[in-house]
Amino acid sequence: MKDIFRKSINMKGIVGAAVKSVSESDLAIINSMTRREFKADELYVFPVLCCDTRLDRDMDRFTKEALDQMTTMAKGVTGIFDHSWSALGQTARTYKAEVRESVDDAQYELIAWAYMPINEKTQPIIDAIDAGILKEVSVGFAYTDLQCSVCKQSYYRSDCTHLRGRDYDGQKCFTWIVGVKEWYEWSFVAVPAQPRAGVEKGYREKLDDEKLKNLGGDGQVKGLLEYLKSLSVEVKDDDHALSIVNEWKEKADAAKGVEAELATVKAAKEQAETDLKAAQEQLKGAPDAAMAVAGQKFFEETRNEIVRLGGLLGESTKSLEIIMKGVTDINSLLDVKKDYERRVNEKFPPTPQTKGADGDGDAKAVAEINLKDYQV
């Protein structure tokens with residue numbers, strides 16, 4: 001299975017001393033798992049320290065809750081050699097487990113109890129256990145989730161930006177194994193707790209590579225740190241480096257936004273200049289607004305004068321008003337006005353106030369005219 005994790009324990013007394021006498025309750029559990037009933041003296045029973053809450057070389061730590069979960073899965077878990085999943089390699093089987101608190105450092109340890117039949121095949125293994133030769137074990141299991149010790153988020157399934165083994169503000173990042181969904185086996189191993197020991201290497205490296213890609217490092221976060229330092233940029237850790245790069249990216253994005261706004265303003269300015277030029281061209285061929293208003297007023301006054309003159313001549317002013325509105329040519333209108341003025345003058349010739357003072361009339365009448373009586 002692709003998600004198998006294997007964790008080794010590197011402590012003295014990994015495998016404890018064999019139990020000289022098997023209790024009746026333990027014997028009952030064992031016999032519930034066998035095809036025939038065994039007597040106590042036919043079995044070799046021994047405790048196995050499988051895993052604990054201490055930090056291992058893979059920068060992983062079990063939570064106590066994960067160990068508690070494993071106790072419920074312990075019955076029937078097989079003991080083998082070097083994680084070789086072969087029926088011939090099966091050596092012992094677990095029948096119970098419990099979590100204990102260590103008196104040395106208050107860490108929690110998962111103690112499993114295993115048995116094997118005593119016979120010619122198993123006697124060399126029993127002798128090796130009793131001699132302290134076989135004492136290191138590794139467990140194979142599937143975890144529920146890994147939690148980042150720095151941000152407390154899921155290490156692979158969230159936006160966690162931390163990397164196992166790196167320092168962040170003085171604390172080294174590691175991952176908590178917060179749950180175990182299956183416990184496959186435990187195995188005797190020659191060298192426990194090796195770097196990356198017990199992990200399906202291809203699977204874990206794949207997950208780590210995917211995380212680096214998601215962080216934008218693509219496996220080159222360390223190169224990013226070196227690059228920033230080459231620019232004399234003070235960098236504390238990975239988080240700081242990523243924050244610097246993100247800040248640069250935000251500024252670059254902001255600059256692009258301003259550039260886009262400037263392009264929009266420039267385009268609007270060019271359009272406004274084009275519209276203004278077109279309006280100016282239209283104004284060149286259009287009459288001045290004030291002149292247009294004055295011309296319209298002159299038309300109206302001329303029509304009204306013609307209607308007034310027609311009224312003096314006894315014509316219908318309403319009819320004449322309608323007729324004059326139909327005249328739109330100024331020259332025609334002025335000709336009509338001129339004709340009406342002539343006709344009115346003919347009908348009502350003007351009489352000067354100084355009539356008789358021109359010397360052609362009666363001398364007496366002339367003598368009686370006093371021009372001082374006429375003032376303007």
Side-chain angles (χ1 to χ4, degrees), residues 4-23 26-27 29-30 33-34 38-58 60 62 67 70-71 73-100 102-105 107-141 180 182-201:
I4 298 174
F5 263 45
R6 289 168 180 156
K7 289 296 178 186
S8 302
I9 296 295
N10 186 17
M11 289 177 60
K12 293 181 179 179
I14 282 292
V15 179
V19 178
K20 299 301 181 182
S21 61
V22 183
S23 67
D26 281 6
L27 186 60
I29 297 173
I30 293 171
M33 301 165 59
T34 61
F38 282 78
K39 297 178 181 179
D41 59 1
E42 295 180 288
L43 299 172
Y44 181 80
V45 178
F46 57 99
V48 181
L49 176 55
C50 296
C51 45
D52 56 38
T53 55
R54 299 176 182 89
L55 183 66
D56 66 21
R57 289 190 180 183
D58 295 328
D60 292 324
F62 283 90
L67 299 184
M70 294 180 74
T71 63
M73 308 171 189
K75 186 177 179 180
V77 173
T78 187
I80 56 179
F81 283 91
D82 297 319
H83 297 292
S84 176
W85 287 17
S86 168
L88 296 177
Q90 294 186 81
T91 303
R93 193 168 292 277
T94 305
Y95 65 90
K96 69 176 183 179
E98 63 181 351
V99 176
R100 295 179 180 177
S102 171
V103 295
D104 296 329
D105 54 8
Q107 294 295 324
Y108 293 97
E109 301 169 341
L110 175 66
I111 309 296
W113 293 82
Y115 74 93
M116 67 176 70
I118 301 173
N119 54 42
E120 293 181 0
K121 180 181 177 181
T122 60
Q123 193 59 55
I125 300 173
I126 294 171
D127 293 341
I129 293 174
D130 287 342
I133 296 172
L134 291 177
K135 64 178 182 179
E136 292 88 15
V137 299
S138 177
V139 295
F141 65 96
V180 173
E182 289 189 76
W183 182 6
Y184 302 114
E185 38 83 3
W186 59 266
S187 176
F188 288 109
V189 293
V191 182
Q194 296 177 351
R196 302 188 70 83
V199 182
E200 288 293 330
K201 186 175 180 182

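Numbers for residues simply follow the sequence, beginning at 1.
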Counting only N and O atoms by type, is there a donor-acceptor contact under 3.5 Å from the side chain of D58 to the main-chain atoms of D60? no
For the SG atom of C51 and the CE atom of M70, what is their distance to the nearest 0.5 Å? 4.0 Å
Taking all heavy atoms of W183 and all of G140, pick out the closest pair and write down the distance. CD1-O, 3.4 Å
Run the side chain to side chain donor-acceptor pair (under 3.5 Å) test on T53 and Q107 for me, step by step, so that the C-alpha distance in whole Å, both residues' side-chain angles and the decisive distance to 0.1 Å come before the verdict. CA-CA 6 Å; T53 55; Q107 294 295 324; 2.5 Å; yes
With a 4.5 Å heavy-atom cut-off, do D127 and I133 have their side chains touching? no
Do E98 and K96 meet the salt-bridge criterion of a basic N to acidic O distance under 4.0 Å? no
Do L110 and L49 have side chains that approach each other closer than 4.5 Å (heavy atoms only, starting at C-beta)? no
With Y44, which of N119, I118, T122, V22 fulfils side-chain contact (heavy atoms from CB on, under 4.5 Å)? I118
Once rounded to the nearest 0.5 Å, what's the spacing between atom CG of D105 and atom CZ of R54? 4.0 Å
Could you check whether any side-chain heavy atom of V77 comes within less than 4.5 Å of a side-chain heavy atom of Y184, counting everything from C-beta outward? no
With side chain to side chain donor-acceptor pair (under 3.5 Å) as the test, would you mind laying out the steps for D52 and Y108 before giving the verdict? CA-CA 6 Å; D52 56 38; Y108 293 97; over 6 Å; no
What's the separation between atom SG in C50 and atom CD in E185, rounded to the nearest 0.5 Å? 10.5 Å
Note: I111 and P47 closest approach over all heavy atoms is CG2-CB, 4.0 Å
For the residue pair T91 and M116, what are the closest heavy atoms and their distance? O-CB, 3.4 Å
Can you see whether T94 engages W186 through a side-chain donor-acceptor pair at a distance of less than 3.5 angstrom? yes
The reported gap from CD in E42 to CD1 in I30 (rounded to nearest 0.5 angstrom) is 11.5 Å
I need the R93 CZ to Y95 OH distance, nearest 0.5 Å. 14.5 Å
Within a strict 4.5 Å, meaning less than it, do heavy atoms of the V180 and M73 side chains meet? yes
Quick check for you: to the nearest 0.5 Å, what is the distance between Y115 atom OH and F38 atom CZ? 7.5 Å
